[in-house]
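A quick write-up on the structure given underneath.
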Protein chains: 2
Amino acid sequence: MSDAPARVTIREVARDTGLSTSTVSRVLTGARAVSPEVAERVRESAERLGYRADPIGRSLRTRRTDTLGLVIPDVMNPFFPQLVQAVEYAARQRGLAVLIADASNDPEAERAALRTLVDRRVDAVLISPTHLTASRDALTEAAKAVPTIQLDRVIDPELPFVRADQGGPVEAIVRHLEATKRRRLAFIGQRITISTSVERERAFQRLMGEHFPGEPLRVVTAGMSADSGRAAARDILSSWPETDAIICANDLIAVGVLQELGGRAARREVAISGFDDTLLARALHLTSVRQPVERMADAALDLVAARATQAAIELDSEVIFRLSTT
Amino acid sequence: MSDAPARVTIREVARDTGLSTSTVSRVLTGARAVSPEVAERVRESAERLGYRADPIGRSLRTRRTDTLGLVIPDVMNPFFPQLVQAVEYAARQRGLAVLIADASNDPEAERAALRTLVDRRVDAVLISPTHLTASRDALTEAAKAVPTIQLDRVIDPELPFVRADQGGPVEAIVRHLEATKRRRLAFIGQRITISTSVERERAFQRLMGEHFPGEPLRVVTAGMSADSGRAAARDILSSWPETDAIICANDLIAVGVLQELGGRAARREVAISGFDDTLLARALHLTSVRQPVERMADAALDLVAARATQAAIELDSEVIFRLSTT
DNA sequence: ATGAAAGCGCTAACAC
DNA sequence: GTGTTAGCGCTTTCAT
């Protein structure tokens with residue numbers, strides 16, 4: 001197995017064709033005009049010899065690595081695989097590879113990951129910061145060294161970002177609930193250190209004021225687990241037994257609520273919605289919000305290509321209505 | 001933002017200390033004996049100047065990239081984030097970065113991904129092959145160029161692999177079911193192109209023969225979705241209405257079965273088990289099999305470090321018994 | 001124990 | 001349009 005079958009270098013192609021390495025390079029990178037006949041000769045030879053340009057040599061010279069760094073807060077959070085897949089795909093389209101780093105929800109690990117990526121001279125960094133405040137310094141530092149784009153979560157509006165609208169979908173859900181005659185809405189948020197979750201909660205508060213001005217603000221907090229969602233649901237129902245709809249900041253919480261309120265997805269007393277449209281939502285017929293990860297990834301990579309140093313892009317999210325809010 | 005704040009090179013450290021670049025290099029890589037006093041001087045200077053060795057230059061010289069390629073069949077399959085996390089962690093411990101490629105369940109994409117990784121001269125490739133047969137050639141080809149280790153899924157026993165025992169946990173489940181007086185067991189498998197799924201099914205067949213020789217073989221197939229699990233459950237119950245336990249090849253299928261048999265997790269007529277211990281299982285109190293991803297990743301990276309060209313490592317899986325098999 | 005010099009594979013200035 | 005030359009940043013002979 002393995003053990004270097006002596007790679008073909010550009011020099012061998014040059015020798016084989018009787019041309020200079022520069023010419024070969026030009027043909028293969030398309031950097032400058034080359035006579036079609038020579039070009040053909042080079043391509044044939046390269047093909048025949050099985051030449052594949054060494055990215056290391058190239059990078060050393062060009063200062064590009066054709067590699068993107070992607071820092072996510074937590075691979076196990078089922079939203080981020082969606083993002084990873086979208087970024088990978090968009091990057092591949094553009095001939096870029098992706099170095100993925102998982103911060104494990106830990107700002108220190110995140111800082112270390114950023115440093116590694118910068119050291120490795122990735123062409124750009126896409127990051128969904130772990131923490132609303134604690135991620136800040138590392139982010140700023142990285143941005144000094146390499147084009148850095150916030151993706152999904154945004155903690156520094158001065159730096160370029162691509163995110164999904166978080167308020168819009170909450171509004172769509174609230175309107176839908178209103179249309180189906182619910183008005184005693186509650187909200188279960190996540191930790192207040194997560195930018196998207198905060199935005200979801202703010203939207204809820206604003207919308208309650210606008211749509212149901214007399215109603216109390218039924219808001220509690222839960223962690224990233226179904227059990228914690230169950231507990232939150234109990235809290236809500238004991239504080240506000242009249243509640244007839246619960247909007248959750250993510251699907252996992254919503255699943256907990258679903259369990260607490262009596263398993264089976266079906267037309268129900270209390271409407272429930274989640275966030276992120278994970279396989280949980282699909283499996284359990286839970287209304288949820290799907291962020292446009294593909295378009296987000298695309299937009300982010302366009303920013304990279306354009307070397308944008310400023311950008312504020314917000315894309316629309318989509319609510320997938322299912323049985324749980326019927 | 002960004003735009004190269006002129007990186008500090010090894011030459012500047014050399015100049016600053018009045019030493020040669022070789023000596024600086026030796027201190028920083030620990031390649032050879034250096035007088036402690038000089039070493040200290042170098043380290044101080046490097047620290048002060050903010051020197052960070054450029055991995056590109058280093059790689060060009062050493063032919064190492066300190067980077068690992070990881071090819072997974074599908075990021076959206078909730079098992080693989082577990083594997084990604086474990087590999088990332090184990091790699092970081094050893095100072096390696098990880099290039100992740102998602103094959104999207106497509107052998108062609110997988111072949112392309114492998115080629116990219118080889119081109120980039122990753123030090124080793126870890127791969128969980130998409131397809132039992134269609135992944136073969138690309139795997140063989142990659143293994144010629146770079147140490148390649150099969151992780152989790154195994155399609156070529158001649159090449160090094162690290163996997164989890166698939167038969168053991170099925171046996172543990174069958175025994176547990178037998179102990180709780182079930183004997184009319186059924187199995188729902190996945191596509192027969194996935195190595196692990198095939199192994200799970202074979203184990204089931206063997207165990208039925210051993211434990212319940214008179215019973216018919218109740219086996220059907222489902223895709224990677226809850227809906228398809230529901231359909232499979234219907235098939236089973238119409239063909240063999242006496243069925244009192246269903247073992248599923250993954251959690252998503254099990255969730256479908258759970259729904260079909262009447263939502264709520266609880267002590268039930270028909271016991272249900274899944275595979276992979278994903279958040280679905282945890283959220284829905286589903287008995288499931290947890291593969292030892294951390295130990296698998298560790299073992300794989302040990303093989304990489306040892307430059308093993310042959311290895312067959314199988315680790316024990318663990319069944320997490322929950323409400324669904326009570 | 002340290003230094004000088006070569007060179008990994010590639011592309012970009014600069015000639016012509 | 002093509003060739004010559006230099007050099008990206010590093011490690012590693014080969015000297016001393």
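In this structure, A:Ser35 reaches the sugar-phosphate backbone alone: every heavy-atom distance under 4.0 Å involves primed, P, OP1 or OP2 atoms, never a base. Backbone-only contact: A:Thr29 has heavy atoms under 4.0 Å from sugar-phosphate atoms and none from a base. Within 4.0 Å (heavy atoms only), B:Ile56 reaches no atom of the nucleic acid at all. Residue B:Arg26 is classed as a base contact, given a heavy-atom separation below 4.0 Å to a base.
For A:Arg15 and D:dG3, the CZ to P distance is 15 Å, given to the nearest whole Å. At whole-Å resolution of the value, CG in A:Leu60 and P in C:dT11 are 11 Å apart. Spacing between atom CG of A:Asp119 and atom C1' of D:dG9 amounts to 14 Å, rounded to whole angstrom units. Atom CG in B:Leu19 sits about 15 Å away from atom P in D:dT11, given to the nearest Å. The CD1-P distance, from A:Ile10 to C:dG7, rounds to 19 Å in whole Å. With rounding to whole Å, A:Arg11 atom CZ is found 6 Å from C:dC8 atom P.
Annotation: cation-pi pair B:Arg163/B:Phe161 present, NZ/CZ under 6.0 Å from the ring centroid and within 45° of its normal.
Both A:Thr9 and B:Thr23 lie near DNA chain C, and the one whose nearest nucleotide falls closer to the 5' end is B:Thr23. Along DNA chain C, the nucleotide nearest to A:Arg32 and the one nearest to B:Gly18 differ in position, and the one closer to the 5' end is contacted by B:Gly18. Where A:Ala33 and A:Thr21 each meet DNA chain D at their nearest nucleotide, the meeting point lying more 5' is that of A:Ala33. Comparing B:Thr62 and A:Val34 along DNA chain D, the residue whose closest nucleotide (by nearest heavy atom) sits nearer the 5' end is A:Val34.
Using a 3.5 Å distance cut-off with no hydrogens or angles, the side chains of A:Gln85 and A:Tyr89 do not pair a donor with an acceptor. Side-chain contact annotation: B:Thr130 with B:Asn105, donor-acceptor N/O pair under 3.5 Å absent.
When the side-chain nitrogen and oxygen atoms of A:Arg64 are compared with OP1 and OP2 of C:dT11, none of them lie within a distance under 4.0 Å. Contact check, B:Arg58 against D:dG9: no side-chain N or O comes under 4.0 Å of OP1 or OP2.
Taking 4.0 Å as the cut-off between side-chain N and carboxylate O, B:Arg94 and B:Asp302 count as a salt-bridged pair. Looking at B:Arg295 and B:Asp316, no side-chain N of the basic residue comes within less than 4.0 Å of a carboxylate O on the acidic one, giving no salt bridge.
Residue-environment remark: CZ (A:Arg191) stays at or below the threshold of 12 foreign heavy atoms within 6.0 Å.
Taking five base pairs at each end of the helix from C:dA1-D:dT16 to C:dC16-D:dG1 and finding the rotation axis that steps the C1' atoms of four pairs onto the next four gives two axes whose angle is 40°, to the nearest 10°.
Remark: of the listed residues A:Ser128, A:Ser104, A:Ser135, A:Ser135 is the sole one forming a side-chain hydrogen bond (donor to acceptor under 3.5 Å, both in side chains) with A:Glu110.
Listed candidates were C:dT2, C:dC10, D:dT11. Nearest to the side chain of A:Arg61 is C:dC10.
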